[in-house]
Visitor: 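I'd like to ask some things about the structure below.
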Amino acid sequence: MTQLDVRPQAGDTVSGVAEGDVRGKGLGKGSVGLVGSAVIGISTVAPVYCLTSTLGSTAGEVGLQMPAIFLAGFLPMLLVAFAYRELNKAMPDCGTSFTWTVKAFGPRIGWMCGWGLVIATIIVLSNLAGVATSYFWLLAGEITNSASIAALDDNKLVHITTCLTLIAVATAISYRGMTATKGVQYALVGLQLVVLAIFVAMAFQKASVGTFDTGLDFSWSWMNPFAVESMAAFTAGLSLSIFMYWGWDACLATNEETTGSTKTPGRASLIAMIVLVGSYLATGIAAQMAVGAGGEGLGLANEETSGNVFAALAGPVMGPVLGILLFVAVLASAAASLQTTFIPVARTVLAMSTYEALPPSYAKVHPRFKTPGRATVMAGVATGVFYTVMTLVSENVLTDTIFALGLMICFYYSLTAFACAWYFRAELRRSTRDLFFKGVFPILGGLLLAAVFFKTLYDAWDPSYGSGSTLPGLDVGNVFVIGVGLLALGLVIMFVTERRSPAFFRGEVLTKSTPSLVVED
């Protein structure tokens, strides 16, 4: 299939129609290479942020089997990554999951898949902003040696104001385009990976000399996922593990701006995945050997510190001076991810608007920066509103959004994986490679994530699931309410949109035969 460059001319701000039904979006072509794309994927995942916020929770769910759960979470993600790679080769489109599932399953399933990606991103952006804010004041307190400055984070007005400021800054950087994004990301990702390596080395050193009473000797049994005590604990731990890998697909969202758009994003996503699983395994094993996975003292599962493990371990493991570097790394990780996480949501909204699945105003591209400006600003505003409301309602509700995020991730990743197998169903007999990479692997990955989705949904009905808090008058867990509520909200918005944009939902705008939108390099 011939791929056409139908981007608007300089000065055009809204994507238009050219050559039949090919729709250009006006994004900046060739802004990102292989390394830059991989860095964006790693940055969006935010490995140091993920580790400090979920290392303790995962240990609390599965105990010493935490490393095994990290591997178990990596498997479905790897299988789905193959699906993304194959779909991107055939259809490099910044709408990724939305565009691909529409072409495979039709407009309504595709729209809900796009909604799952958008709402998952809003949830994660809000949590990233919250963590970045907390570490900003914690770091300020450490540098000034002032407990009163660190305590400013407990003031809701100060916390929310700082958080909204960080969201505004991240939105502004993303608004200015991929070139500005790359420069910031190289520095921030490099910093957090170097500091994480130092932490791992020092944790192994502390474990080797038995510095902490709760430390443990390494055992290969830690790598056995079948040793988890219950299926509910396994699913909860797996849901957290899947959350820790989420975001690598940001590599694919920049496919229309990447050099070698059909191949580079897929390769970058696999590189990002390998870096992530290596980092998680090394950190999990090192921390477990140094302080143990129990609930006492510095143990990872201690409820008083499990929500922010590195804040508790920075000083004891790295010392008072180097420990500050770990605070900086967490802040850098959250800030870097806060910036790059705008990429997939803004480009998904751009694609949905271009194909008339959302109001046309979101299809506007900045004539100078070549970015989806209005979609980026919308994502920033939605993130700020969501975080403010959740924080004012209940801090436990905000915590439960991380568990609900696992539902959203499993929802749209599994749909995308199934879309791959269905879209390429006529090609599966052409070769062994096509059979496995376009069929078997995506289906297996989709089934694994779908199983986690439904099992988590079942477990989340229990009020004790997640933080153990419920909304007034409901005897149902907050995780269930948030997860199902957000999906139901998507259905309502879809039905409203259908009344305003009937052509898309009649299947007249985006079909399987709609050509790809970018030139192959």
Visitor: Could you go through the side chain to side chain contact (heavy atoms under 4.5 Å, CB included) check for Met378 and Val349 one step at a time?
Guide: CA-CA 9 Å; Met378 180 279 296; Val349 170; 3.6 Å; yes

Visitor: Between the side chain of Lys206 and the main-chain N/O of Val317, is any donor-acceptor distance below 3.5 Å?
Guide: yes

Visitor: With rounding to the nearest 0.5 Å, note down the distance linking OG in Ser219 to CG in Asn224.
Guide: 9.5 Å

Visitor: With distance as the sole test, does Lys156 use its side chain to make a donor-acceptor pair with the main-chain N or O of Thr391 at under 3.5 Å?
Guide: yes

Visitor: Is the backbone N or O of Ile69 less than 3.5 Å from a side-chain atom of Ser241, with the two atoms forming a donor-acceptor pair by type?
Guide: yes

Visitor: Is it the case that atom CZ in Phe454 sees more than 12 heavy atoms from other parts of the structure closer than 6.0 Å?
Guide: no

Visitor: Let me confirm one number: the OG-CG distance from Ser57 to Leu300, rounded to the nearest 0.5 Å.
Guide: 10.5 Å

Visitor: Please give me the minimum heavy-atom distance between Leu138 and Ala311, naming the atom from each residue.
Guide: CD2-CB, 4.1 Å

Visitor: Please list, one pair per line, the donor and acceptor atoms closer than 3.5 Å that link side chains of residues 269-291 to other protein atoms, with sequence neighbours excluded.
Guide:
| residue | atom | partner | partner atom | Å |
| --- | --- | --- | --- | --- |
| Ser269 | OG | Gly266 | O | 2.7 |
| Ser279 | OG | Val275 | O | 2.8 |
| Tyr280 | OH | Met244 | O | 2.5 |
| Thr283 | OG1 | Ser279 | O | 2.8 |
| Gln288 | NE2 | Leu64 | O | 3.1 |

Visitor: Quick one: does any side-chain atom of Thr58 pair with a main-chain N or O of Thr54 as donor and acceptor, under 3.5 Å?
Guide: yes

Visitor: For the pair Ser333 (side chain) and Tyr49 (backbone), establish whether a donor and an acceptor sit closer than 3.5 Å, ignoring hydrogens and angles.
Guide: yes

Visitor: In this structure, which one of Val200, Leu196, Val194 forms a side-chain contact (heavy atoms from CB on, under 4.5 Å) with Ile198?
Guide: Val194

Visitor: With rounding to the nearest 0.5 Å, note down the distance linking CG in Leu75 to CG in Leu238.
Guide: 9.5 Å

Visitor: Do Cys94 and Thr348 pass the side chain to side chain contact (heavy atoms under 4.5 Å, CB included) test, and can you show the C-alpha distance, the side-chain angles, and the key distance before you say yes or no?
Guide: CA-CA 6 Å; Cys94 71; Thr348 297; over 6 Å; no

Visitor: Could you go step by step and tell me if Phe418 and Leu447 meet the side chain to side chain contact (heavy atoms under 4.5 Å, CB included) rule?
Guide: CA-CA 8 Å; Phe418 293 140; Leu447 288 173; 4.0 Å; yes

Visitor: Would you indicate whether the side-chain heavy atoms of Gln192 and Val330 approach each other to under 4.5 Å?
Guide: no

Visitor: Examine Tyr84 together with Trp248 and report whether their ring centres are nearer than 6.0 Å.
Guide: yes

Visitor: Judged by atom type as modelled, is there a donor-acceptor pair below 3.5 Å linking the side chain of Ser337 to the main-chain atoms of Ala334?
Guide: no

Visitor: For Asn127 and Tyr387, which I'm curious about, is there any donor-acceptor pair between the side chains at under 3.5 Å?
Guide: no

Visitor: Is there a donor-acceptor contact under 3.5 Å from the side chain of Trp115 to the main chain of Leu486?
Guide: yes

Visitor: Just by distance, no angles: are the side chains of Tyr135 and Thr52 close enough, under 3.5 Å, to form a donor-acceptor pair?
Guide: yes

Visitor: How far does OG of Ser43 sit from CG of Leu188, to the nearest 0.5 angstrom?
Guide: 7.0 Å

Visitor: Can you check whether Phe98's main-chain N or O pairs, donor with acceptor, with Thr101's side chain at less than 3.5 Å?
Guide: yes

Visitor: For Cys410, run the side-chain contact (heavy atoms from CB on, under 4.5 Å) check against Phe453, Phe243, Trp246 and tell me which one passes.
Guide: Phe453

Visitor: Tell me whether the count of non-hydrogen atoms from other residues, nucleotides or ligands lying under 6.0 Å of CD in Glu229 goes above 12.
Guide: no

Visitor: Hydrogens and angles aside, do Tyr413 and Ser97 bring a side-chain donor and acceptor to less than 3.5 Å of each other?
Guide: no

Visitor: Considering non-hydrogen atoms only, spot the tightest contact between Leu164 and Gly384 and give its length.
Guide: CD2-CA, 3.6 Å

Visitor: Quick one: CD1 on Ile119 to CG on Leu487, what's the gap to the nearest 0.5 Å?
Guide: 9.0 Å

Visitor: Looking at side-chain heavy atoms only, is the closest gap between Met112 and Leu415 below 4.5 Å?
Guide: no

Visitor: Under 3.5 Å, is there a donor-acceptor pair linking the side chains of Trp137 and Thr162?
Guide: yes

Visitor: Given 3.5 Å as the limit, does a donor-acceptor pair link the side chain of Asn302 with the main chain of Glu296, or not?
Guide: no

Visitor: How long is the straight-line distance from CD1 of Ile160 back to OG1 of Thr133, given to the nearest 0.5 Å?
Guide: 10.0 Å

Visitor: I would like to know whether Met77 and Ile409 meet side chain to side chain contact (heavy atoms under 4.5 Å, CB included); could you show each step before the answer?
Guide: CA-CA 10 Å; Met77 287 299 188; Ile409 294 170; 3.9 Å; yes

Visitor: Return the minimal non-hydrogen interatomic distance between Val62 and Gly237, and the atom names on each side.
Guide: CG1-CA, 4.1 Å

Visitor: Quick one: does Gln65's side chain have a donor or acceptor within less than 3.5 Å of a partner on Ser221's backbone?
Guide: yes

Visitor: With sequence neighbours excluded, what pairs up with Asp153 under the salt bridge (Lys or Arg N to Asp or Glu O under 4.0 Å) test?
Guide: none

Visitor: Excluding sequence neighbours, so at least two apart, what forms ring pair (Phe, Tyr, Trp, His ring centres under 6.0 Å) with Phe437?
Guide: Phe82, Phe441

